[in-house]
Structures are given as structure tokens and as C-alpha cells.
There are 2 protein chains.
Amino acid sequence: MDKHNLGLKSVSIIGDEVKASQFIENLKGKNPVFICTIANTRTAMVPGITVAGAIPEIVKCTPPADAELVYYGECKCIPGIPATPDGKPTPAIITLSALRLADIPFFIVEAGCEVKPHAPYISLSIPSPGDNIQSGRALDRDVVGKAINYAELIGRDFAELADYLVLGESIPAGTTTALGVLMSLGIDARGKVSSSMPNNPHEIKNKVVENGMKAAGIKIGSLKDDPIGAISTLGDPMMVSVVGMTLGAAKKVPVILAGGTQMAAIVALISRIRPSILRNVAVGTTNYIIEDSTSSISWLINQSANIPIFGADPGLSESKKEGLRAYGSGFVREGVGAGGATLAAMLKSKGKITTDIIRAEIERNYEKIVESRLKNR
Amino acid sequence: MDKHNLGLKSVSIIGDEVKASQFIENLKGKNPVFICTIANTRTAMVPGITVAGAIPEIVKCTPPADAELVYYGECKCIPGIPATPDGKPTPAIITLSALRLADIPFFIVEAGCEVKPHAPYISLSIPSPGDNIQSGRALDRDVVGKAINYAELIGRDFAELADYLVLGESIPAGTTTALGVLMSLGIDARGKVSSSMPNNPHEIKNKVVENGMKAAGIKIGSLKDDPIGAISTLGDPMMVSVVGMTLGAAKKVPVILAGGTQMAAIVALISRIRPSILRNVAVGTTNYIIEDSTSSISWLINQSANIPIFGADPGLSESKKEGLRAYGSGFVREGVGAGGATLAAMLKSKGKITTDIIRAEIERNYEKIVESRLKNR
């Protein structure tokens with residue numbers, strides 16, 4: 001992994017440099033749409049599996065709260081904003097800042113939330129969150145099939161309107177379901193998925209997936225020819241949405257999968273549904289994921305496809321705010337498409353929006369949203 | 001009213017010719033998005049008020065069925081397609097044909113339906129259909145206020161992506177609620193709103209509105225300074241969506257209100273909320289509405305604003321199919337944004353998609369969707 005300039009400062013790339021340069025050059029100055037899929041999996045209720053939200057009961061509100069924060073600059077369904085128990089703010093604050101700076105339109109896809117967002121959203125008619133994958137039955141297979149078709153229509157329609165799509169997600173415990181899907185597809189991802197905590201709880205995740213595989217009566221690779229089965233058994237409803245939209249859009253325009261190791265599951269699924277469209281797909285994440293020694297996004301993606309992985313730097317390790325600097329020490333790292341949004345802002349502005357500008361905007365929003373609230377207590 | 005060429009055959013205009021020419025010239029070759037709002041009002045249950053659907057119990061499925069027809073070329077929530085009791089097909093068949101010919105992306109906004117569409121849709125979180133306006137309480141005022149804000153966000157976001165918006169609707173009995181809103185705003189629209197039947201049941205509509213006004217304790221013009229109150233009292237949830245999206249989008253890009261006399265209520269509402277944005281708004285309808293002697297769209301619109309009205313001709317009075325020819329004799333006339341979609345297809349193709357081409361495509365779809373079904377009975 002090297003830092004490459006590509007005319008954009010602070011974007012690392014992994015993968016074939018020529019291919020990656022071409023991909024990114026084509027998008028400079030173009031108009032993207034950012035679509036964030038929000039969903040829940042009851043896997044998040046397993047103790048110790050996620051800190052995406054300060055209080056367990058509030059974890060279920062994290063996805064709609066993230067979406068509201070990006071839309072309005074404040075949350076509606078919870079007081080304050082999603083944060084780790086010790087106050088590190090949700091990556092939605094990065095997404096908000098990047099999208100506003102670059103004037104990138106934002107849409108929400110609701111793909112099975114415990115609580116609906118107080119904002120307009122696109123519905124895929126997924127009736128409920130994903131079940132705890134320890135049951136080995138995450139989602140009804142018919143629901144998955146139908147909703148993937150709906151998401152494909154949405155992707156197709158946005159591909160008529162935007163030059164490219166940036167697809168983010170907010171689903172607590174999403175790296176555990178990613179692990180489950182990767183395992184069932186034959187990719188031994190144990191110890192390689194990332195976490196919102198510096199001490200990545202790999203043992204808990206492995207145990208949950210092991211339980212789910214046992215309950216479903218499958219072994220590693222049992223579902224390698226059945227991607228829909230893999231989602232239904234050990235996946236989550238976010239995958240349904242992002243896989244479907246990518247299938248619908250990437251026929252026509254490039255798609256940036258905006259997320260960390262969860263996107264490895266998306267790439268693995270697509271590689272088993274319609275691999276040819278992956279030539280129009282890249283992963284855009286934060287440099288915090290690229291540099292994470294507790295996970296390995298490049299290894300995970302490379303098991304399925306040779307596509308570019310971009311790591312954009314929102315500059316938080318240099319922040320004057322302690323809560324933001326924590327991103328540089330392994331807290332939170334990614335989510336709500338923060339890395340992809342940062343990349344898209346840099347691309348749309350042809351590099352005029354730099355890491356320094358994005359960090360300043362994030363700090364400004366942090367003062368407005370987080371610090372002002374603490375003062376008013 | 002004259003036929004003007006404007007480089008597009010078969011588009012009539014009403015209003016200031018210079019202004020109208022400018023409006024339309026700016027849109028030639030540009031990329032629109034077509035957004036159809038679907039909703040119900042229980043006013044449609046009044047006997048004799050609408051024929052938008054063959055059987056009264058099926059009228060409530062007409063909006064989702066229309067949306068499905070445009071998406072898929074077939075309906076999912078009902079067998080066959082919406083039609084008048086004697087088999088005249090829904091105008092969604094025009095919309096479908098025009099949008100497909102010109103490759104115009106299509107989105108559904110669900111704004112309070114009895115039955116949700118079997119397709120992806122944008123939700124405004126309107127919890128239920130509008131009530132029968134004879135109660136004088138069509139919608140909860142807080143719901144209206146919140147959903148208008150949501151729709152405004154949607155309009156703003158699509159305005160970032162598309163060169164202009166075309167906003168259609170499907171809501172049975174929508175001309176009656178339009179009458180109600182116009183009356184409450186001080187526009188005496190009695191005898192001037194259109195109908196899906198050649199014998200426009202003006203007396204029923206007038207009586208329903210009269211009952212609603214009595215129940216609400218208001219007179220003509222009582223709500224002239226309270227547009228939100230007018231929607232809540234005698235309106236319907238489609239208005240919430242279309243008014244909101246127009247407010248959000250027309251700041252930045254042109255908006256074509258794709259519908260008949262229902263759009264007069266939209267224009268009246270906007271003229272009382274934010275009149276300045278109407279300079280970026282026009283009405284696009286079918287020539288069947290323009291030529292309708294039982295209603296008067298131009299008089300209705302002119303009470304609120306001097307904006308262009310375009311009447312596009314899908315050519316059905318020349319059709320070889322009897323069920324389609326009926327459009328030329330006062331049946332159905334408009335709906336599901338048929339006229340606006342026809343206009344947009346002509347504009348996007350710079351006139352290459354002519355009335356003859358659209359009629360041929362409608363006939364092809366009619367054979368495929370309607371006649372093949374009759375044969376298979």
C-alpha cells in the first residue's frame with residue numbers, strides 16, 4: 001500500500017495502480033449521489049459486539065439517528081448524537097461535513113430499521129430488522145429476493161441521474177454479519193473484519209458466527225454458490241440494499257462502496273451474482289480502516305475481486321478536538337460512508353476540498369453539535 | 001389558446017407565449033426526473049365521484065397499481081390494470097410509454113396509500129390516507145407540516161441531480177379535493193374542475209365540498225391566508241407531497257406540474273406559501289384537459305398566477321384501438337402525469353419523439369398489457 005497523489009492529496013490506494021488511477025480520474029469534477037442504507041440486525045444485541053451507540057437500548061436508534069444527522073445537522077429520534085460510551089462521535093459527522101462542503105445530494109434507503117428516521121426515505125418494504133444470526137436465519141429468503149430487485153430498480157434509476165453512486169451504510173454489528181456471510185461463501189475472514197473499538201472483539205464475533213453456522217447446519221463455504229442463501233442465513237438487510245443498488249447502477253455508472261470491511265461481504269456477494277459488473281465498482285473508505293492492524297480490508301476484498309480500494313483522510317488524527325483525534329487511535333474508524341463521502345467531496349471539487357478543509361468543517365460541526373450540547377447541560 | 005410549434009409538434013400552450021417559449025426552450029435536450037406521488041383520500045368512497053378504477057373496492061388500489069404499471073409494465077397488487085368500468089385503461093399506460101421511449105427515470109413518492117405499492121418508493125411518513133373531506137378534517141395539521149418539510153428535502157435533493165422535475169400524481173377523487181382547497185382559498189372553482197368521466201359529476205363534487213365547508217365551519221375564502229389549513233381541512237395528501245417537492249426544487253431548477261385541474265390547487269397553494277418560486281413552474285397536461293369543455297384549467301390557474309400551461313398530445317383520438325380512442329371523447333383525459341410525461345419525452349428528444357411515435361408505443365403497450373389479457377381469459 002502506497003500513498004498516491006492522483007491529483008488528490010491524502011487518498012491512499014490499494015490495488016492495481018493503473019486501474020485505480022483510471023477509475024478516479026474518470027470521476028473528477030463529476031456529480032455523484034450519496035445514498036446511505038440504514039438497517040438493524042438483532043445481532044447487535046449480543047453483549048460486547050458493538051459500541052455504535054452509547055447505551056445498548058440506543059444502538060437500535062443509531063441508524064436513523066445517523067441519517068437524521070446527515071440530513072439536518074442534528075438528530076431527531078434521540079437527544080444528542082450517536083457516540084461511543086465515552087463520547088466519541090458517530091462518523092456521520094464526517095459524512096455530514098464532506099457532503100455539505102461539496103454539495104452532494106443525500107438519500108436514505110430504509111432497509112429494515114427498528115425505528116424509522118424522522119426524514120424522508122426510500123423504502124424497500126423490508127418488514128423488520130435482520131434476526132440475530134446466531135439463529136442461522138437472518139432474513140426470510142423471499143424478502144431478500146424481492147428487496148434485492150427493488151434495490152436494483154433504485155440503483156438503475158439513480159444511475160440515470162448521477163454520474164456515479166456512493167453507497168454508505170449504518171448498521172450496528174454489521175462487521176459480524178459480514179464475517180458470517182464471508183465465512184458461508186468460503187472466505188475465512190476470522191480475525192480480519194474491523195471494529196468500532198481499538199480492541200477488536202474478534203472472539204465474540206467468531207463465536208456468534210460459529211453459533212449461526214451450527215444452527216443453520218452449514219460449514220465454511222457451504223453457501224459459496226448461493227449468495228442469496230448466504231444473506232438469508234448469516235447476513236443483514238443492509239446487504240440486500242447495497243448489493244441490489246450496485247447491481248442496478250454499475251451496469252451504467254461507477255459505484256463506490258463507501259465502507260470498511262463490511263463492503264468485502266458486498267463484493268463477495270456480487271462476485272457470485274454478477275461478477276462482470278465489478279469492473280465498475282471500487283471501495284472507498286477512511287485511511288483509519290486501511291491502516292487498521294486489527295483487520296485487513298485488502299485481503300478480504302482480494303479473495304473475491306481485484307478492484308481498487310481508496311482510503312481517504314479526513315485528517316482527524318491532527319484534530320484539536322480530543323473526541324475527533326480518537327479516530328486516529330482506532331476508535332470508530334468508519335461508518336455512514338464517511339470515507340467514501342470524504343473521497344467524493346475531494347473528487348467533486350477536483351481536490352480543492354482538502355483534508356485540512358474537511359477537518360476544519362468537521363471541527364466546526366463538532367463544536368456546533370457536540371460541544372454546544374455539553375455546555376448546555 | 002393556439003397551437004404553437006416551439007419546435008415541438010403537438011404541444012398547445014396557454015399563457016404568455018414569450019414566457020412559455022423561453023420555459024420550454026430551456027428544457028430541450030435536458031434530463032428530467034419524473035416523480036409520481038401516489039395517495040388516497042377517502043373522499044373517493046362517495047358514490048359516483050370517480051371512475052378511476054373499475055370496482056369501488058379496487059379504487060383504493062389504483063394509485064399503487066398505476067405506479068407498478070409504470071415501473072414494470074404490469075400491475076402487481078391487482079390483476080389486470082386500473083380501468084374505467086367499461087374498460088378504458090388508466091393513463092399510466094401513456095406515462096409508461098412516454099417515459100420508456102425517452103429513458104426518463106421514474107420515482108414513486110408514497111404519501112398515504114391504503115395499499116403500498118409492490119415497488120420501491122419514497123416515504124414521507126404520512127401514516128394514513130386523507131379522510132373524506134365531508135368531515136372538514138382531511139388531514140392532521142402537524143402531519144401536513146412535517147410531510148411538506150420532508151417533501152421539500154426530496155425536491156431539493158432531486159434538483160441537485162436532474163435538470164428539471166416532472167411531478168405527476170395518482171389519487172382517485174383528487175379533483176374534488178382540489179375543488180375543496182380552491183374554494184377554501186377563495187377561488188370559486190365550482191363547475192371548473194375536470195373529471196375522468198365525459199359527464200363531469202359537478203353536483204356531487206360541489207355537494208361534498210359544501211358539506212366539508214359546513215363541517216369545518218368555513219366559507220369560500222376563509223382559509224385564503226392559511227394554505228396549510230386549507231390542505232388539512234379540505235385537501236389530500238398528494239398535495240402535501242407535490243407542494244413540498246415544488247418548494248424544494250423550484251428554487252434551483254424548473255418544475256413541471258404534470259396533471260390537470262388538480263394542479264390548479266397546487267399552484268394556488270404555492271402562490272400563498274412562496275409565490276416567487278412560481279416563476280420556475282409550469283403546468284404540463286394532456287390536450288384532452290386543455291380541450292375539455294366541462295372544465296377550465298386556464299381560468300383556474302390564472303386565478304393564482306400567470307404561468308405557462310402546456311397541453312401535449314399523445315394522439316389517442318387517432319388510435320386504431322377503441323379503448324384508447326375514448327380519451328379523445330372525454331374519458332379519463334389525464335392522470336399519473338400522462339400529459340407531463342408526454343411533454344417531457346418530446347422535450348428530452350428535442351421533438352424526435354413525436355405524437356405518432358408515442359401513440360404507436362402506447363398501442364404496442366395496450367396490445368401487450370390489455371389485449372393479451374382479454375385473449376387469455
Side-chain angles (χ1 to χ4, degrees), chain A residues 30-35 37 64 67-68 70-72 76-77 99-100 102-111 113 115-127 146-165 240-241 244-245 248-249 252-253 348, chain B residues 30-35 37 64 67-68 70-72 76-77 99-100 102-111 113 115-127 146-165 240-241 244-245 248-249 252-253 348:
Chain A
K30 298 288 178 65
N31 288 313
V33 60
F34 183 94
I35 307 173
T37 297
E68 291 162 8
V70 178
Y71 241 130
Y72 303 113
K76 306 273 184 183
C77 65
L99 297 183
R100 289 207 175 169
D103 219 0
I104 295 172
F106 170 69
F107 288 85
I108 301 167
V109 172
E110 192 278 315
C113 284
V115 177
K116 301 280 190 275
H118 293 227
Y121 60 83
I122 298 168
S123 170
L124 301 179
S125 297
I126 297 176
K146 207 168 88 169
I148 280 196
N149 290 340
Y150 287 2
E152 194 168 344
L153 289 167
I154 288 294
R156 185 198 69 185
D157 286 327
F158 276 111
E160 295 282 336
L161 288 171
D163 294 324
Y164 63 104
L165 273 61
V240 175
S241 169
M245 286 195 286
K252 180 162 170 143
V253 300
K348 188 174 174 190
Chain B
K30 297 288 179 66
N31 289 313
V33 60
F34 183 94
I35 307 173
T37 297
E68 291 162 8
V70 178
Y71 241 130
Y72 304 112
K76 306 273 184 184
C77 65
L99 297 183
R100 289 207 176 169
D103 219 1
I104 294 173
F106 170 69
F107 288 84
I108 301 167
V109 172
E110 192 278 315
C113 284
V115 177
K116 302 281 189 274
H118 292 228
Y121 59 83
I122 297 167
S123 170
L124 301 179
S125 297
I126 297 176
K146 206 167 90 169
I148 280 196
N149 290 340
Y150 288 3
E152 193 168 346
L153 289 168
I154 288 294
R156 183 198 69 184
D157 286 329
F158 276 110
E160 295 283 336
L161 289 170
D163 294 323
Y164 63 106
L165 272 61
V240 175
S241 169
M245 285 194 287
K252 180 162 170 145
V253 300
K348 187 174 174 190

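A, B, ... follow the sequence lines: proteins, then strands. Residue 1 opens every chain.
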K.L.:
Less than 4.5 Å to any heavy atom of chain B: does that hold for the side chain of A/F34, its backbone, both, or neither?
P.N.:
neither

K.L.:
If you measure from CZ on B/F107 to CD on A/E160, what distance do you get to the nearest 0.5 Å?
P.N.:
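If I round to the nearest 0.5 Å, the distance is 9.5 Å.
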
K.L.:
State, to 0.1 Å, how close A/H118 and B/Y150 come at their nearest heavy-atom pair, and which atoms those are.
P.N.:
C-OH, 2.9 Å

K.L.:
Could you check which of B/P32, B/A119, B/S125, B/P117 has the highest count of heavy-atom pairs closer than 4.5 Å to chain A?
P.N.:
B/A119

K.L.:
Would you compute the distance between atom OH of B/Y121 and atom CG of A/L153 and round it to the nearest 0.5 angstrom?
P.N.:
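Here the rounded value is 14.5 Å.
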
K.L.:
Between B/L124, B/V109, B/D103, who has the most heavy-atom pairs with chain A when the cutoff is under 4.5 Å?
P.N.:
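Top count of heavy-atom pairs under 4.5 Å with chain A: B/D103.
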
K.L.:
Name the option with the most non-hydrogen atom pairs under 4.5 Å to chain B; the candidates are A/A151, A/S123, A/A159.
P.N.:
A/S123

K.L.:
Shorter than 4.5 Å, heavy atoms on both sides: which option in A/I122, A/D157, A/N31 has the most such pairs with chain B?
P.N.:
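Heavy-atom pairs under 4.5 Å are most numerous for A/D157.
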
